[in-house]
Amino acid sequence: MTDTPDWNAYEAEAAAAAQAAASSDDLEEARVRFLGRKSDIALGLREVRDRETGMLLNGVRTRLEETFDTRAARLADDELDRRLRDEIVDVTLPGDELPLGHLHPITQIRRMVEDAFLGLGYEVRDDREVETVEYNFDKLAFLPTHSARSPRDTFFFDPNHVLRTETSPSQIHIMEEKEPPLYMVSIGRVYRRDAITATRYPIFHQFEGLAVDRGLTLADLKGTLLHVMRALYGPERKVRFRTHYFPFTEPSIEPDVSCGICLGSGCRTCKYSGWIEMGGAGMVDPTVLANVGLDPEEWSGFAFGCGLERTAQLRHDIPDIRALWEGDLRVLRQF
Ligand code: PHE
């Protein structure tokens with residue numbers, strides 16, 4: 001060593017560095033610098049030749065070691081305090097609330113329909129939405145000139161494939177797959193080239209019922225529809241039939257359910273008739289039974305189809321069908 005360092009200044013500088021250290025890591029750095037194996041004081045001690053300098057340097061080193069130890073204990077305390085404060089877990093706090101959704105009104109109606117028919121012993125089906133012309137029209141005895149066969153009314157992929165326009169093809173599928181007696185309800189989406197308005201949407205849902213057994217009559221159809229309408233709308237409801245035409249039923253009818261808002265006396269919802277149209281129905285046409293290889297002399301059947309959106313609108317008094325497709329939570333949360 002050429003010049004003798006000023007050990008008082010060294011001690012003061014080291015003590016100040018210890019106090020200034022804001023973390024254990026900082027402090028450790030300062031300790032290495034001022035007390036480590038290569039620090040001035042360690043080197044100085046190695047050079048010591050006389051007792052007086054030795055005592056001086058040992059004194060400086062001992063005091064500095066104490067200063068660093070004290071500071072280290074203080075920093076460790078502070079750090080522990082901080083962690084205890086920051087990482088505290090209060091197990092008595094209420095948990096974070098998980099936002100819980102609910103089923104879309106169409107899904108709710110679908111499940112009600114399923115329940116009503118399962119209670120009658122019907123099987124629930126879900127068939128394909130892309131249909132062949134054969135199943136959507138031909139086997140259901142649509143005449144070649146029927147307007148639904150036009151691409152103006154129906155979405156065609158190619159001349160043989162359409163987006164099904166109704167759930168009625170399910171009638172053909174189940175009759176081809178299984179032997180009667182058959183009791184089924186098929187629920188799902190159907191597609192028509194309609195402009196979007198308050199009452200029409202090009203995608204909607206239908207439920208389609210079919211029963212094939214020996215000796216079924218219109219009275220069985222009426223009793224079944226009465227049961228289902230009461231399950232959907234309440235025990236006071238009545239059902240009536242009006243004559244109509246469908247290619248695959250004979251006779252064909254349109255069922256009405258008594259209006260639940262005015263209880264039959266006439267209001268805006270039922271257009272002052274006391275009755276609300278519920279879809280289509282009828283006895284399975286013998287031609288359709290023959291198309292699937294069933295003997296119309298032995299077997300008879302009835303079928304019906306209703307829209308789920310319409311059911312939801314009536315149950316919940318929803319004036320505009322578009323509300324069921326827009327996904328606006330302010331609307332959907334009400335049901
Ligand atoms: N598929 C017909 C429609 O969508 C309804 C219907 C179903 C009619 C079953 C008779 C029998 O309009």
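- Note that SG of C270 and CG of L314 are 10.5 Å apart. Values are rounded to the nearest 0.5 Å.
- Looking at S170 and D127, their side chains do bring a donor and an acceptor atom within 3.5 Å of each other.
- By the 4.0 Å N-to-carboxylate-O rule, E79 lies too far from R74 to be salt-bridged with it.
- Heavy-atom minimum distance, D285 versus P247: OD2-O, 4.0 Å.
- A single hydrophobic cluster is seen to contain both I172 and V162, as judged by linkage of ILVMFWY side chains at heavy-atom distances under 4.5 Å, directly or through other members.
- Residues V60 and E11 share a closest heavy-atom pair of CG2-OE1, 3.6 Å.
- Side-chain contact between V48 and L57 is present, with at least one heavy-atom pair separated by less than 4.5 Å.
- With a 4.5 Å cut-off on side-chain heavy atoms, T243 and P251 do not count as touching.
- Considering F117, Y122, F248 as possible partners of F304, the one that fulfils the ring pair (Phe, Tyr, Trp, His ring centres under 6.0 Å) test is F117.
- Side chains of W275 and K238 form a contact here, defined as non-hydrogen atoms less than 4.5 Å apart.
- Looking at K139 and E176, a side-chain N of the basic residue comes within less than 4.0 Å of a carboxylate O on the acidic one, giving a salt bridge.
- Note on residues 326-335: pairs passing salt bridge (charged side-chain N to carboxylate O under 4.0 Å, His left out), not counting sequence neighbours, are D328-R330.
- Side-chain contact between T167 and I187 is absent, with no heavy atoms from C-beta onward closer than 4.5 Å.
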- Task: Take S186 and E208 through the test side-chain hydrogen bond (donor to acceptor under 3.5 Å, both in side chains) and record every step on the way to the result.
- Result: CA-CA 5 Å; S186 172; E208 178 98 8; over 6 Å; no
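- V288 is connected to M184 through a chain of hydrophobic side-chain contacts under 4.5 Å among Ile, Leu, Val, Met, Phe, Trp and Tyr, so both are in one cluster.
- To the nearest 0.5 Å, atom CG of residue D115 and atom CZ of residue R110 are 12.5 Å apart.
- At least one donor-acceptor pair under 3.5 Å links the side chain of N136 to the backbone N or O of T165.
- Minimum interatomic distance between A116 and A231 (heavy atoms only, all atoms of both residues): CB-CB, 3.8 Å.
- Contact of the R189 side chain with the F204 side chain is not registered, since no non-hydrogen atoms from C-beta on lie closer than 4.5 Å.
- Under the 4.5 Å side-chain heavy-atom criterion for grouping Ile, Leu, Val, Met, Phe, Trp and Tyr, L294 is connected to L182 within one hydrophobic cluster.
- For F68, there are no ring-ring contact (aromatic ring centres under 6.0 Å, His included) partners two or more places apart in sequence or in a different chain.
- Residue T311 holds its OG1 atom at 10.0 Å from NE2 of H316, rounded to the nearest 0.5 Å.
- The backbone N or O of R63 sits less than 3.5 Å from a side-chain atom of T67, completing a donor-acceptor pair.
- Follow the hydrophobic side-chain contacts under 4.5 Å out from L118 and you reach L120 in the same cluster.
- No path of Ile, Leu, Val, Met, Phe, Trp and Tyr side chains, each step under 4.5 Å between heavy atoms, connects V190 with F155, placing them in separate hydrophobic clusters.
- Ring centers of F207 and H205: at least 6.0 Å apart, outside the cut-off.
- In the displayed structure, E179 atom CD is contacted under 6.0 Å by at most 12 heavy atoms of other residues, nucleotides or ligands.
- In this structure the side chain of F302 never reaches within 4.5 angstrom of the side chain of V284, judged on heavy atoms.
- Atom CD of E52 has 12 or fewer neighbouring heavy atoms from other residues, nucleotides or ligands inside a 6.0 Å radius.
- For the residue pair E129 / Y191, a side-chain donor-acceptor distance below 3.5 Å is found, with atom types taken as modelled.
- Between the side chain of R237 and the main chain of M229, no donor-acceptor pair closer than 3.5 Å is present.
- Remark: side-chain polar atoms of S252 are not paired, donor with acceptor, to backbone N or O of Y245 under 3.5 angstrom.
- Closest approach of W299 and L289 over heavy atoms only: O-CD1, 3.5 Å.
- Listed by first then second residue, pairs satisfying side chain to side chain donor-acceptor pair (under 3.5 Å) with a partner in residues 144-153 read D138-R149, not counting sequence neighbours.
- With hydrogens and angles disregarded, no donor-acceptor distance shorter than 3.5 Å links the side chain of R61 to the backbone of L56.
- Under the salt bridge (charged side-chain N to carboxylate O under 4.0 Å, His left out) criterion, the residue pairs touching residues 239-261 are R240-D256, R242-E254, R242-D256, with sequence neighbours excluded.
- Ring pair H173/Y135: centre-to-centre distance below 6.0 Å.
- Without hydrogens or angle criteria, D220 side chain to T217 main chain gives a donor-acceptor distance under 3.5 Å.
- With a 6.0 Å radius and a threshold of 12 heavy atoms from other residues, nucleotides or ligands, R128 has its CZ atom above the threshold.
- Between the OG1 atom in T132 and the CZ atom in F137 there is a gap of 10.0 Å [rounded to 0.5 Å].
- Using a distance-only test at 3.5 Å, with no hydrogens or angles considered, no donor-acceptor pair links the side chain of H227 to the main chain of K222.
- Here the side chains of P181 and Y183 are in contact, with some heavy-atom distance below 4.5 Å.
- Residues D81 and R85 are not paired through a salt bridge, judged by the lack of any N-O separation under 4.0 Å between the basic side chain and the carboxylate.
- When side chains are defined from C-beta on, E131 does not count as touching L163, because their heavy atoms never get closer than 4.5 Å.
- Taking CG of L75 as the start and OG of S24 as the end, the distance is 5.0 Å to the nearest 0.5 Å.
- Residue N58 holds its CG atom at 11.0 Å from CZ of R51, rounded to the nearest 0.5 Å.
- A pairwise comparison of heavy atoms in L210 and I174 identifies CD2-CG2, 3.7 Å as the closest pair.
- Here the side chain of R164 pairs no donor or acceptor atom with the backbone of V130 at under 3.5 angstrom.
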- Task: Output, in order, the C-alpha distance, side-chain angles, deciding distance and verdict of salt bridge (charged side-chain N to carboxylate O under 4.0 Å, His left out) for E66 and R71.
- Result: CA-CA 8 Å; E66 265 169 33; R71 182 67 185 149; over 6 Å; no
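- With hydrogens and angles ignored, the 3.5 Å screen pairs no side-chain donor or acceptor of D213 with any backbone N or O of L216.
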- Assess whether side-chain hydrogen bond (donor to acceptor under 3.5 Å, both in side chains) is satisfied between D90 and T92, documenting all intermediate values. CA-CA 5 Å; D90 182 349; T92 68; 2.5 Å; yes
- R125/E177 under salt bridge (charged side-chain N to carboxylate O under 4.0 Å, His left out): CA gap, chis, key distance, verdict: CA-CA 12 Å; R125 268 182 86 94; E177 283 168 24; 3.0 Å; yes
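- Nearest heavy-atom pair, A281 versus T249, reported as atom, atom and distance to 0.1 Å: O-OG1, 3.9 Å.
- Residues passing the side chain to side chain contact (heavy atoms under 4.5 Å, CB included) test with Q313 are I318, I321, L324, sequence neighbours excluded.
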For residues 27-34, tabulate all N or O donor-acceptor pairs below 3.5 Å that involve a side-chain atom, not counting sequence neighbours.
from : atom 1 : to  : atom 2 : distance (Å)
R31  : NH2    : D69 : OD1    : 3.4

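- One N or O on the side chain of R193 and one on the backbone of P151 form a donor-acceptor pair closer than 3.5 Å.
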